[in-house]
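Keep in mind the model is a prediction, meaning the values are calculated, not measured. Reckoned from all heavy atoms, side chains included, excluding hydrogens, waters and symmetry mates.
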Amino acid sequence: MTDKKPVILVTRKLPDAVEARLARDYEARLNPYDTLFEADELIKRAEGADAILPCHTEHFGADVFERLPDSVKIIANFSVGYDHVDTQAAKKAGVVITNTPDVLSDATAEIVMLLMLGAARRAGEGENLVRTATWKDWSPAFMVGTQVTGKTLGIVGLGRVGKVVAARARGFAMTVIYHNPTRQPEAEEDGAVYYEKLEDMLPQCDFLSLNAPNLPSTRGMLNAERIALLSEGAIVVNAARGTLVDDDALIAGLKAGKPAAAGLDVYNNEPDIDPRYKELPNTFLLPHIGSATAETRDAMGFRALDNLDAFFAGKEPGDRVA
Ligand code: DGY
């Protein structure tokens, strides 16, 4: 690095240890009040910055790249997903893009298990009964849910997170099957059975976990036709991206009992999600907290900084995606 420290615009409040390393190695423009920057504010604050360290909450569409100061050479995301960045526009603008893979797979897989358990065992309803003092009785018919142990889990997207989900699910004696655009090497399947066609897998699933990225090919993939193919009693969980789901289709399905329940951590149009989800008793809903553990937040920040360090040392950042 040269004597003059690169200027980094940090869009959100980051963990103390990450901000301390930022302040040590860079001229960091921090956001202590954690306010959300809309495009105009972001562009204004980026004036004279060499890099931006944003989260998925900031959007970098073509319009933003057109107006971004020329000084900005790299966007080092604090996220594994980078669907908030138009990578073609970034390439055109000559801006390097990185993400933070691997370090959040364990935390996200934990939330997938929580979604499965929460939706199957009616955790939201149960907690509400206790909190609102409306729990009146116990009987064998009270709050009966679906057992997770020993069931078949279909994973759409056996990638970094999907593989950890599969491993955790095996701890519940689940049979794991999966659909990917291409089959994984056998060693990485760890016994999971591959379905080339998603339509062939759906009738086999007691649980369906969406773990695919937001791509043109995955958008709205859980639609009415596919929901109709699910087995009776199937439960759907999503901790990947809300865009994978056609909300109208899923809500209609939940009302009709197929799927029997859904556990959701991600949604279209967060945080202003489709209000109908909140009205349904058979949903277990979390606010996009898949990676929200102290350990993972630190690791995400350090990974983003590793990418910045490499870039400003004239090397290729390890997690370059564009
Ligand atoms: C990710 O890293 O993509 C998570 O969704 C949090 O942004």
Side-chain angles (χ1 to χ4, degrees), residues 1-104 213-216 219 241 243 269-270 291 297-322:
M1 282 186 213
T2 58
D3 286 348
K4 185 185 168 306
K5 289 179 175 178
V7 177
I8 316 293
L9 172 65
V10 181
T11 64
R12 303 305 301 256
K13 176 83 186 84
L14 297 183
D16 291 347
V18 177
E19 291 195 345
R21 187 172 141 186
L22 262 161
R24 185 193 67 193
D25 297 340
Y26 295 99
E27 190 184 319
R29 293 183 187 165
L30 302 176
N31 180 0
Y33 300 109
D34 205 20
T35 45
L36 182 63
F37 302 152
E38 299 298 344
D40 288 349
E41 180 73 12
L42 185 70
I43 290 161
K44 198 167 88 192
R45 286 179 184 258
E47 200 55 58
D50 300 292
I52 304 179
L53 197 166
C55 296
H56 80 268
T57 45
E58 288 76 52
H59 295 271
F60 293 86
D63 54 321
V64 172
F65 281 109
E66 272 163 24
R67 295 159 60 211
L68 209 58
D70 287 343
S71 58
V72 175
K73 298 293 177 223
I74 174 169
I75 293 174
N77 288 294
F78 184 97
S79 65
V80 64
Y82 51 93
D83 49 326
H84 56 289
V85 179
D86 182 333
T87 50
Q88 289 309 317
K91 276 184 199 153
K92 206 169 142 208
V95 178
V96 169
I97 309 295
T98 61
N99 70 341
T100 58
D102 302 318
V103 291
L104 38 63
N214 173 19
L215 298 170
R219 252 163 245 158
R241 283 292 183 262
T243 49
N269 200 32
E270 295 173 10
S291 55
R297 289 286 181 252
D298 280 352
M300 290 167 78
F302 294 143
R303 188 94 176 207
L305 288 179
D306 291 345
N307 287 317
L308 286 175
D309 291 352
F311 180 82
F312 287 111
K315 298 182 193 144
E316 180 76 354
D319 304 315
R320 182 171 181 172
V321 293

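To the nearest 0.5 Å, atoms CD1 (I43) and CG (D63) are separated by 7.0 Å. One distance of note links OG of S291 with NE2 of H56; it measures 8.5 Å at 0.5 Å rounding. Rounded to the nearest 0.5 Å, atoms OG1 (T243) and CG (N269) are 11.5 Å apart. Rounded to the nearest 0.5 angstrom, I74 CD1 and I97 CD1 are separated by 8.0 Å. To the nearest 0.5 Å, atom CG of residue N307 and atom CD of residue E316 are 9.5 Å apart. In this structure, T100 OG1 and L305 CG are separated by 11.0 Å, a value rounded to the nearest 0.5 Å.
Side-chain atoms of F312 and D25, non-hydrogen and from C-beta on, never get closer than 4.5 Å to each other. Counting heavy atoms from C-beta on, the side chains of D40 and R67 come closer than 4.5 Å. F78 is listed as a side-chain neighbour of R297, based on a closest heavy-atom distance under 4.5 Å. Side-chain atoms of V96 and R320, non-hydrogen and from C-beta on, do get closer than 4.5 Å to each other.
By the 30° and 60° cut-offs, the orientation of the rings of F65 relative to F60 is tilted.
The two residues P32 and K13 have their closest heavy-atom pair at O-CD, 3.7 Å. Nearest heavy-atom pair, A89 versus A62, reported as atom, atom and distance to 0.1 Å: CB-CA, 3.7 Å. When all heavy atoms of N214 and R219 are compared, the closest pair comes out as OD1-NE, 2.7 Å. Looking at every heavy atom in both residues, V64 comes nearest to H59 through CG2-O, 3.6 Å. Closest non-hydrogen pair, H84 versus S79, comes out as CE1-OG, 3.5 Å. Heavy-atom minimum distance, A304 versus A76: O-CB, 4.0 Å.
R241 contributes no side-chain N or O that, together with a main-chain N or O of P213, makes up a donor-acceptor pair within less than 3.5 Å. Between the side chain of K73 and the backbone N or O of D70 there is at least one donor-acceptor pair closer than 3.5 Å. S71 places a side-chain N or O within donor-acceptor distance of the main-chain N or O of A49, the cut-off being under 3.5 Å. With hydrogens and angles ignored, the 3.5 Å screen pairs a side-chain donor or acceptor of N31 with a backbone N or O of T11. Counting only distance, with no hydrogens or angles, the side chain of N77 and the backbone of C55 share no donor-acceptor pair below 3.5 Å. Listed for the D86 side chain is no donor-acceptor partner under 3.5 Å among the backbone atoms of G61.
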- request: Step by step, work out the side-chain contact (heavy atoms from CB on, under 4.5 Å) result for M300 and L104.
  value: CA-CA 7 Å; M300 290 167 78; L104 38 63; 3.5 Å; yes
- prompt: Between L53 and L14, does a side-chain contact (heavy atoms from CB on, under 4.5 Å) hold up when you go through it step by step?
  reply: CA-CA 10 Å; L53 197 166; L14 297 183; 3.9 Å; yes
- request: Show the numbers, then the answer: is there a side-chain contact (heavy atoms from CB on, under 4.5 Å) between F37 and R45?
  value: CA-CA 9 Å; F37 302 152; R45 286 179 184 258; 3.4 Å; yes
- request: Report the C-alpha separation of E58 and I52 in whole Å, then their side-chain angles, then the decisive distance to 0.1 Å, and conclude whether the side-chain contact (heavy atoms from CB on, under 4.5 Å) test is met.
  value: CA-CA 11 Å; E58 288 76 52; I52 304 179; over 6 Å; no
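Here the rule is salt bridge (Lys or Arg N to Asp or Glu O under 4.0 Å) with D309, and of R21, R303, R24, K315 only R21 fits it.
Residue D16 places its CG atom among 12 or fewer non-hydrogen atoms of other residues, nucleotides or ligands, all under 6.0 Å distant.
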